[in-house]
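Notes follow once the structure below has been shown.
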Amino acid sequence: MLDINLIRQDPETVRQALLKRNVSVDFTELLQWDSERRELMKKGDDLRARRNKASDEIPAMKRRGEDVSAVLSEMKAVSDQIKDIESRLSDIEMKIKQFMDGLPNIPDDDVPAGGKECNTVVRVWGEQPKFDFEPKDHMELAVSLGLVDYERGAKLGGSGFWVYTGLGARLEWALLNYFVQDHIKNGYEFLLPPHILTYECGYTAGQFPKFEEDVFHLKADEGRGFQQFLLPTAETALVNLHRNEIIPESELPKRYFAYTPCYRREAGSYRTQERGMIRGHQFNKVELFQYTKPEDSSDALEELVARAEALVQGLGLHYRVSKLAAEDISASMAKTYDIEVWIPSINEYKEVSSASNARDYQARRGAIRFRREDTGKTEFVHTLNASGLATSRLFPAILEQNQQADGSVVVPEVLREIVGTDVIR
RNA sequence: GGAGAGAUGGCUGAGUUGGUCGAAAGCGCUCGACUCGAAAUCGAGUAGGCGGUUCCCGCCUCCUGGGUUCGAAUCCCAGUCUCUCCGCCA
């Protein structure tokens, strides 16, 4: 949610900023609704003030034995007017909310305009491994080494699901454990949230109402007023932790991380290139999250990226960091870095972490504030998230980047204790 | 799944024969007085949001959403959540 005051004061600047995302908006109608809204509010408030005053006087008049019937009928009329104004007001507020809900976040100044092709690589770490043999793709490796059972995965969950088996399950678990240990070491608080969330959570995160089709909805029970869904990322849970709260300034920044599977419909997004575990309906991810003061969020984003990068480095995988262009950034975010590992078989860099600063966009939707001690006033916090990390792209990257001529795979050192072997063969 | 109780300010908790209630009292917190300092004591203050003619005024919010009424924390309806007991259960 953007600040409507910003649009009121300087609509052209906001319009230009959104144009960077190739979103063209015309605020004329909105501003009209906005002034109409305030006009109605004023009218309604004045009428209510009158009614409140009369409500004070009526009992006093009664006590003095005066006739109140004239006041009563006048107030009856006033109440009718209030009702009329209120219904007009709620219509207009709904229109305003709908409009505002549809607006994406304003990209940071240093975010380039344009789509994917305008993403800029800011760093590259390591080098592409060279193979003096014909390298296999991760599916071939996973199947031949007995790490993943795709067929039975589909038997259980349908297309887009798989089962980690044996050393594969241990490798997956080792990855998650490695992330968890690292974040604990760095002072982030570990959370295990529910995987089923209410509609309100999706709204605050910015997924709803626009992207309702992307998640798995649970059938609402009889008589239940809302629907729940399976979280598409732990971010959705973490951003709602402090929804409708005022956080003491001294508690900021709050640094959390959570492990959850992520459930996504991925409707229609299947590409043959992305077979295997590059894109499934369920994958494991550890998510980093921060609530900060506005002036601290830019540094916090760099910190989050550094944390995620350290993990990939610890695995010894070749990767790069990209700063996303405006159109490639998800709607709630002002700036995003992607960390992408190289997948040899498709010769592409695939996202294993996405680190974003939402600034106050989510905080506005969820009324997440803090009280500034200097001024005593409440302000919206800034929220940031970063995968740290998603396993479903790392697993293939490890298999493919670490494979050897005999079809075996070298296990990264940090994972060996849990996997139980140096080399999977 | 069955039965019952409840939801009020940072917390505890009054208020439910509708009006003087955004709300007693206590605790906590902040500031001031007293003190060498502290405790105790005394005094003052202490929710969020919206709008405006913006050192001031008005409005809204007593779980949420509707309704009744001139007027709702209080009455009616629906929903959500919490607690207790029974049953079931990892």
Side-chain angles (χ1 to χ4, degrees), chain A residues 1-9 30-97 99-100 192-204 208 217-229 237 240-252 360 363-381:
Chain A
M1 176 84 60
L2 297 182
D3 184 357
I4 196 162
N5 287 307
L6 211 64
I7 298 171
R8 214 182 275 152
Q9 284 158 18
L30 176 75
L31 291 171
Q32 221 166 344
W33 291 335
D34 182 51
S35 71
E36 212 173 314
R37 170 175 156 268
R38 279 180 294 166
E39 206 175 299
L40 285 169
M41 266 180 144
K42 180 91 178 79
K43 266 191 206 161
D45 282 359
D46 289 347
L47 286 170
R48 263 191 292 266
R50 232 173 109 196
R51 186 176 72 184
N52 288 344
K53 200 172 257 175
S55 289
D56 284 349
E57 284 161 3
I58 287 168
M61 290 171 73
K62 277 184 174 168
R63 251 178 276 122
R64 281 181 258 129
E66 292 170 32
D67 179 21
V68 293
S69 59
V71 186
L72 290 193
S73 67
E74 192 199 338
M75 286 308 115
K76 172 77 176 157
V78 168
S79 278
D80 287 346
Q81 284 181 57
I82 290 172
K83 254 179 211 155
D84 177 56
I85 285 171
E86 277 176 349
S87 87
R88 280 158 64 196
L89 194 61
S90 85
D91 282 354
I92 224 158
E93 282 180 334
M94 209 160 70
K95 279 195 267 188
I96 291 172
K97 182 166 153 35
F99 190 99
M100 295 298 291
L192 292 169
H195 301 175
I196 293 174
L197 301 175
T198 64
Y199 184 92
E200 184 68 18
C201 292
Y203 175 81
T204 297
F208 302 158
H217 289 275
L218 274 64
K219 190 166 166 280
D221 288 344
E222 196 73 38
R224 223 166 153 89
F226 61 91
Q227 236 185 9
Q228 293 162 304
F229 64 98
N240 279 280
L241 201 64
H242 294 290
R243 169 155 52 88
N244 281 320
E245 288 184 25
I246 297 169
I247 304 169
E249 182 180 355
S250 59
E251 288 180 20
L252 295 176
D360 65 1
R364 269 177 205 288
R365 292 173 84 101
I368 312 162
R369 292 150 295 169
F370 75 102
R371 188 180 305 283
R372 181 147 344 241
E373 281 164 18
D374 291 348
T375 60
K377 299 253 194 259
T378 60
E379 293 176 41
F380 290 108
V381 299

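In what follows, chains are A, B, ... by sequence order, proteins preceding strands, each numbered from 1.
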- With Watson-Crick and G-U wobble geometry limited to distances under 3.5 Å, how should the secondary structure of RNA chain B be encoded in dot-bracket form, using | for bases paired to another strand and [ ] for crossing pairs? ((((((((.[[[..)...(.....]]]((((((.......))))))((((((...)))))).[[[[[..)....]]]]])))))))....
- Task: Please state whether the phosphate of G10(B), meaning OP1 or OP2, lies under 4.0 angstrom from any side-chain nitrogen or oxygen of Arg371(A).
- Result: no
- Message: Can you confirm whether Asn240(A) sits close enough to Leu197(A) that some side-chain heavy atom of one is under 4.5 Å from a side-chain heavy atom of the other?
- Response: no
- Query: Rounding to the closest angstrom, what is the interatomic distance between A72(B) and G66(B) at atom P?
  - Reply: 14 Å
- Item | Separation of the P atoms in U69(B) and U80(B), to the nearest angstrom | 28 Å
- Note on the structure: Here the distance between atom C1' of G71(B) and atom CG of Leu47(A), to the nearest Å, is 15 Å
- Item | Atom-pair distance (CE on Met100(A); P on C50(B)), nearest Å | 13 Å
- Query: Which part of the nucleic acid, if any, lies within reach of Arg50(A) when heavy atoms closer than 4.0 Å are counted: base, sugar-phosphate only, or nothing?
  - Reply: nothing
- When the P atoms of C88(B) and C29(B) are considered, how many whole Å apart are they? 48 Å
- For the residue pair Ser250(A) and Glu373(A), establish whether any side-chain heavy-atom pair is separated by less than 4.5 Å. yes
- Item | N/O (side chain, Arg38(A)) to phosphate O (OP1/OP2, G52(B)) under 4.0 Å | yes
- Message: Suppose you measure atom P in G4(B) against the same atom in U61(B); what distance do you get, rounded to whole Å?
- Response: 32 Å
- Message: Closer than 4.0 angstrom, basic N to acidic O: yes or no for Arg369(A) and Glu379(A)?
- Response: no
- Query: For the pair made of CD in Glu379(A) and P in G49(B), what is the distance, rounded to whole Å?
  - Reply: 11 Å
- Task: Not counting sequence neighbours, which residues clear side-chain hydrogen bond (donor to acceptor under 3.5 Å, both in side chains) with Glu66(A)? List them please.
- Result: Arg64(A)
- Kindly write out the residues that satisfy side-chain hydrogen bond (donor to acceptor under 3.5 Å, both in side chains) with Glu251(A), not counting sequence neighbours, or none if the list is empty. Lys254(A)
- What's the CG-C1' distance between Asp56(A) and G22(B), to the nearest Å? 14 Å
- In chain order, what residues pass the salt bridge (charged side-chain N to carboxylate O under 4.0 Å, His left out) check against Arg48(A), with sequence neighbours excluded? Asp45(A), Glu86(A)
- Considering only NZ, NE, NH1 and NH2 on the basic side and carboxylate oxygens on the acidic side, decide whether Glu74(A) and Arg50(A) come within less than 4.0 Å. yes
- Task: Check the distance between G49(B)'s C1' and Glu93(A)'s CD and give it to me in whole angstrom.
- Result: 12 Å
- Task: Would you please name every residue forming a salt bridge (charged side-chain N to carboxylate O under 4.0 Å, His left out) with Arg364(A), sequence neighbours left out?
- Result: Asp3(A), Asp360(A)
- Message: Which residues pass the salt bridge (charged side-chain N to carboxylate O under 4.0 Å, His left out) test with Glu249(A), not counting sequence neighbours?
- Response: Lys293(A)
With the criterion being N/O to N/O and under 3.5 Å, what pairs connect the protein with nucleotides 66-70 of chain B, and how long is each?
{"unit_1": "C70(B)", "atom_1": "OP2", "unit_2": "Lys76(A)", "atom_2": "NZ", "d": "3.3"}
{"unit_1": "C70(B)", "atom_1": "O4'", "unit_2": "Leu72(A)", "atom_2": "O", "d": "3.3"}
{"unit_1": "C70(B)", "atom_1": "O3'", "unit_2": "Ser79(A)", "atom_2": "OG", "d": "2.9"}

- Query: Taking atom P in both G9(B) and G49(B), what distance in whole Å separates the two?
  - Reply: 16 Å
- Task: Figure out the CE/P separation between Met41(A) and G52(B), and round it to whole Å.
- Result: 9 Å
- Quantified in whole Å, what is the C1' atom distance between nucleotide A47(B) and nucleotide G22(B)? 9 Å
- Item | For Phe99(A), all residues meeting ring-ring contact (aromatic ring centres under 6.0 Å, His included), sequence neighbours excluded | none
- Message: Between Arg38(A) and Asp34(A), does any side-chain N to carboxylate O distance fall below 4.0 Å?
- Response: yes
- Query: Starting at OH of Tyr199(A) and ending at C1' of U80(B), how long is that distance when rounded to a whole Å?
  - Reply: 17 Å
- If you find the nucleotide of RNA chain B closest to Arg37(A) and the one closest to Pro59(A), which residue's nucleotide is nearer the 5' end? Pro59(A)
- Item | Distance in angstrom units between Met61(A) CE and U20(B) P, rounded | 16 Å
- Residues which pass side-chain hydrogen bond (donor to acceptor under 3.5 Å, both in side chains) with Gln81(A), listed by chain and number, not counting sequence neighbours: none
- Task: Please state the P separation for the pair C27(B) and U82(B) - nearest whole angstrom.
- Result: 32 Å
Would you tabulate the pairs of protein nitrogen or oxygen atoms and nucleotide nitrogen or oxygen atoms of nucleotides 53-58 of chain B closer than 3.5 angstrom?
{"unit_1": "G58(B)", "atom_1": "N2", "unit_2": "Asp45(A)", "atom_2": "OD2", "d": "3.3"}

- Item | Members of residues 240-250 of chain A that approach RNA chain B, where some heavy atom sits under 4.0 Å away | Ile246(A)
- Item | Contacts of type salt bridge (charged side-chain N to carboxylate O under 4.0 Å, His left out), residue Lys76(A), not counting sequence neighbours | none
- Item | Whole-Å P distance, C76(B) and U16(B) | 14 Å
- Task: May I ask you to check whether Phe208(A) and Tyr199(A) place their ring centers less than 6.0 Å from one another?
- Result: yes
- Message: Taking any heavy-atom pair under 4.0 Å as a contact, classify Arg364(A): base, sugar-phosphate, or nothing.
- Response: nothing
- Count the heavy atoms of every other residue, nucleotide or ligand shown that sit under 6.0 Å from CE of Met61(A), and state whether that count exceeds 12. yes
